[in-house]
**Q** 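Mind having a look at this structure? Questions to follow.
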Amino acid sequence: MAEKISAPKGTYDILPRDQPVRLWVEGRAADVFRRYGYGRLDTPMFEETRLFARGVGESTDIVRKEMYTFQDMGGRSMTLRPEGTAPAARAYVEHGMHTWPQPVKLWYHWPMFRYESPQSGRYRQHWQFGIEAFGSDSPVLDAEVIGVLATLYDDIGLAQVELRLNSMGCRECRPDYVARLRAFLEDRKGELCKDCRERATLNPLRTFDCKVEGCRAVMEQAPRLIDWLCPACAEHHAVVQRHLELQGIAYLPDHRLVRGMDYYTRTTFEFQSAVLGAQSGVGGGGRYDDLVETIGGPPTPGVGFRNGSRTHPSGIGAFPRRPAHGRGTDRLPSRPHRRGPGTGLPAGPRAPPAGGRGGA
RNA sequence: GUGAACGUAGCUCAGUUCGGUAGAGCACUGGAUUGUGGCUCCAGCGGUCGCGGGUUCAAAUCCCGUCGUUCACCCCA
């Protein structure tokens with residue numbers, strides 16, 4: 001026998017038994033997005049490399065060392081998309097969506113590619129749901145986007161998630177704050193770990209993430225971005241919170257919450273699950289008011305979220321879920337019957353959730 | 001990129017401590033039985049023990065390397 005060939009490192013096959021859950025989740029998501037007025041967008045799986053370099057940010061790890069970049073036959077540098085917001089923004093500009101009624105609301109379910117070393121819930125190709133709303137800087141829209149994700153989680157019965165909320169400020173107030181933070185870190189340099197001393201110059205906001213006890217103690221006394229927002233950002237943040245409360249969405253203010261892309265401004269948020277170990281983020285997002293302009297479009301604010309398949313190839317399927325309630329008829333389908341015509345049809349609406357790898 | 005654990009039939013694993021040329025259950029195939037393709041019973045198929053070196057009379061078992069998986073760090077979905 002010839003040498004066996006297996007799926008590339010960090011990738012996985014999605015077998016017939018996984019499809020019912022997958023289709024069910026996508027169906028639920030599509031339904032929620034539709035109810036909120038989002039239309040589906042599909043873009044190519046690869047884009048010109050400079051779209052991500054500019055959109056995601058040259059200083060991010062994604063752009064610096066995690067992209068699947070290749071040269072096509074015409075000598076152009078192309079990259080398998082590592083995230084969805086930049087391509088969506090590109091499509092917004094390319095198709096003149098600024099002439100559509102604003103905000104333009106888009107959703108997608110796409111595979112993403114990152115050259116990382118795989119570990120729990122982290123793959124080289126994974127699927128993400130996302131929504132993006134372009135063309136409105138209203139804080140009410142931020143709260144709505146968070147509401148969409150909360151509704152989706154509620155709809156599929158995802159349990160034990162909590163929402164963390166922060167504001168990253170804008171190009172007016174963040175630079176001032178970062179300078180202030182840098183000065184603080186420089187001052188306390190001696191008390192920081194080796195990693196943090198590097199972070200202090202490269203990406204000072206990340207020093208808040210450090211798990212080293214000494215660093216945590218120092219960072220307790222560090223200036224907090226949330227305290228140094230400009231009046232406009234502070235007001236924006238306050239309105240977002242008020243509208244979360246109006247929707248009855250519980251959240252935890254977390255001034256240390258920093259997400260991976262450079263494009264975030266003002267609102268950032270993340271739903272986390274206590275049961276996922278180190279990879280606790282389930283989904284999150286935020287506002288990106290400068291992104292469209294950065295990639296060559298007209299100044300256009302935007303806000304969105306993405307939800308990654310953290311634990312299971314079939315997507316959200318393996319997350320812990322609440323028991324099905326009596327009236328919610330559209331619960332998760334069970335695995336198809338062993339025998340039968342081979343259609344893989346769900347057994348029925350009342351089947352209990354099945355979790356775990358390969359389950360359901 | 002760093003560290004640790006692991007890698008034996010399609011699947012879940014035993015065997016590795018104290019080296020002696022591979023086992024179980026499930027699945028699959030065939031048969032018996034049975035008013036179903038269900039149950040039970042019988043039989044069978046199936047592994048160069050991830051790969052490559054080394055030590056040894058002899059390696060799944062010890063040593064080195066390599067690839068892969070998992071978990072953690074980094075970072076992040």
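In what follows, chains carry the letters A, B, and so on, assigned in the order in which the sequence lines appear, proteins first and then strands, with residues in each chain numbered from 1. In this text, all values refer to a predicted model and were calculated from it rather than measured experimentally.
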**Q** Are any of the side-chain nitrogens in A:E48 or A:R76 under 4.0 Å away from the carboxylate oxygens of its partner?
**A**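 Answer for the salt bridge query: no.
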**Q** Looking at B:C41, which nucleotide sits across from it as a Watson-Crick or G-U wobble partner, both distances under 3.5 angstrom, or is there none?
**A**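 Per the H-bond distance test, B:G31.
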**Q** Could you work out the separation of B:U48 and B:G44 based on their C1' atoms and round it to a whole Å?
**A**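 Here B:U48 and B:G44 have their C1' atoms 22 Å from each other.
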**Q** Give me the distance, rounded to whole Å, that separates B:C57 from B:A27 when you measure between the P atoms they each carry.
**A**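 About 46 Å, rounded to a whole number of Å.
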**Q** Using atom P of each nucleotide, how far apart are B:C67 and B:A60 to the nearest Å?
**A**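 Each nucleotide's P atom is 23 Å from the other's.
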**Q** Return the nearest nucleotide to the side chain of A:M261; candidates are B:C76, B:G1, B:U70.
**A**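 Closest of the options to the side chain of A:M261: B:C76.
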**Q** Pick the C1' atom in B:G7 and in B:A77, then give their distance to the nearest Å.
**A**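 28 Å, rounded to whole Å.
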**Q** Taking a pair as Watson-Crick or G-U wobble with both distances under 3.5 Å, which nucleotide is matched to B:G19?
**A**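 Paired with no nucleotide.
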**Q** What distance separates A:L229 CG from A:S167 OG, expressed to the nearest 0.5 Å?
**A**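 The distance works out to 4.5 Å.
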**Q** Using 30° and 60° as the class boundaries, would you call the ring planes of A:F305 and A:F33 parallel, tilted or perpendicular?
**A**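 Ring orientation, 0 to 90° scale: tilted.
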**Q** So, A:D176 and A:R180, do they make that salt bridge, N to O below 4.0 Å?
**A**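 Here A:D176 does not pair with A:R180 in a salt bridge, since their nearest N and O are not under 4.0 Å apart.
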**Q** With both distances kept under 3.5 Å, what pairs with B:C51, Watson-Crick or G-U wobble?
**A**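 Across all strands, the one nucleotide that pairs with B:C51 is B:G65.
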**Q** Heavy atoms, side chains only, cut-off 4.5 Å: are A:L163 and A:F269 in contact?
**A**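 They are in side-chain contact.
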**Q** Between A:F129 and A:W107, how do the two ring planes meet: parallel, tilted or perpendicular, split at 30° and 60°?
**A**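 Aromatic pair A:F129/A:W107 classed tilted.
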**Q** Under 4.0 Å between a side-chain N or O of A:Q119 and OP1 or OP2 of B:U70?
**A**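 No, because none of the side-chain N or O atoms of A:Q119 sits under 4.0 Å from OP1 or OP2 of B:U70.
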**Q** Under 4.0 Å between any heavy atoms, over every strand shown, what does A:R114 touch: base, sugar-phosphate, or nothing? Just pick one.
**A**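 It contacts base atoms.
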**Q** Between the base of B:C76 and the side chain of A:E83, is there any donor-acceptor pair under 3.5 Å?
**A**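 No such pair is found, so the answer is no.
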**Q** Suppose we call a contact any N or O donor and acceptor under 3.5 Å apart; does that hold for the side chain of A:E116 and the base of B:A77?
**A**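 Yes.
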**Q** Suppose you measure atom C1' in B:C45 against the same atom in B:C28; what distance do you get, rounded to whole Å?
**A**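 Per the computed distance, 8 Å lies between those C1' atoms.
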**Q** Give the residues of residues 51-71 of chain A touching RNA chain B, defined as any heavy atom closer than 4.0 Å, sorted by residue number.
**A**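 By residue number: A:D61, A:E66.
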**Q** Tell which nucleotide pairs with B:A9, taking only Watson-Crick or G-U wobble pairs whose two distances are both under 3.5 angstrom.
**A**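 Across any shown strand, B:A9 pairs with none.
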**Q** Taking RNA chain B as the partner, which of residues 194-213 of chain A come within under 4.0 angstrom of it by heavy atom?
**A**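 Only A:R199, A:R206, A:K211 qualify.
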**Q** Sort out for me which residue in A:H236, A:H243, A:H237 forms a side-chain hydrogen bond (donor to acceptor under 3.5 Å, both in side chains) with A:D142.
**A**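 Per the side-chain hydrogen bond (donor to acceptor under 3.5 Å, both in side chains) rule, the option paired with A:D142 is A:H236, out of A:H236, A:H243, A:H237.
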**Q** Taking any strand in view, what nucleotide pairs with B:G1 in a Watson-Crick or G-U wobble way, both distances under 3.5 Å?
**A**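 With both distances under 3.5 Å, B:G1 matches B:C73.
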**Q** Indicate yes or no: does A:R171 engage A:E293 in a salt bridge with an N to O separation below 4.0 Å.
**A**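 Counted as a salt bridge, because a side-chain N and a carboxylate O are separated by less than 4.0 Å.
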**Q** Are A:E132 and A:R306 ion-paired here, with the side-chain N under 4.0 Å from a carboxylate O?
**A**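 A:R306 and A:E132: salt-bridged.
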**Q** At under 4.0 Å, does any side-chain N or O of A:S120 touch on OP1 or OP2 of B:C71?
**A**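 Indeed, a polar side-chain atom of A:S120 lies that close.
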**Q** Taking any heavy-atom pair under 4.0 Å as a contact, classify A:G10: base, sugar-phosphate, or nothing.
**A**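 Here A:G10 touches the backbone only, sparing every base.
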**Q** Out of curiosity, A:D209 CG to A:D195 CG, how far, rounded to the nearest 0.5 Å?
**A**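 Interatomic distance, A:D209 CG to A:D195 CG, rounded to 0.5 Å: 11.5 Å.
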**Q** Of all the nucleotides listed (B:A77, B:U69, B:A72), which has the minimum atom distance to the side chain of A:R259?
**A**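 Selected nucleotide: B:A77.
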**Q** Assign A:S6 to base, sugar-phosphate, or nothing according to its heavy-atom contacts below 4.0 angstrom with the strands shown.
**A**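 Contact class for A:S6: none.
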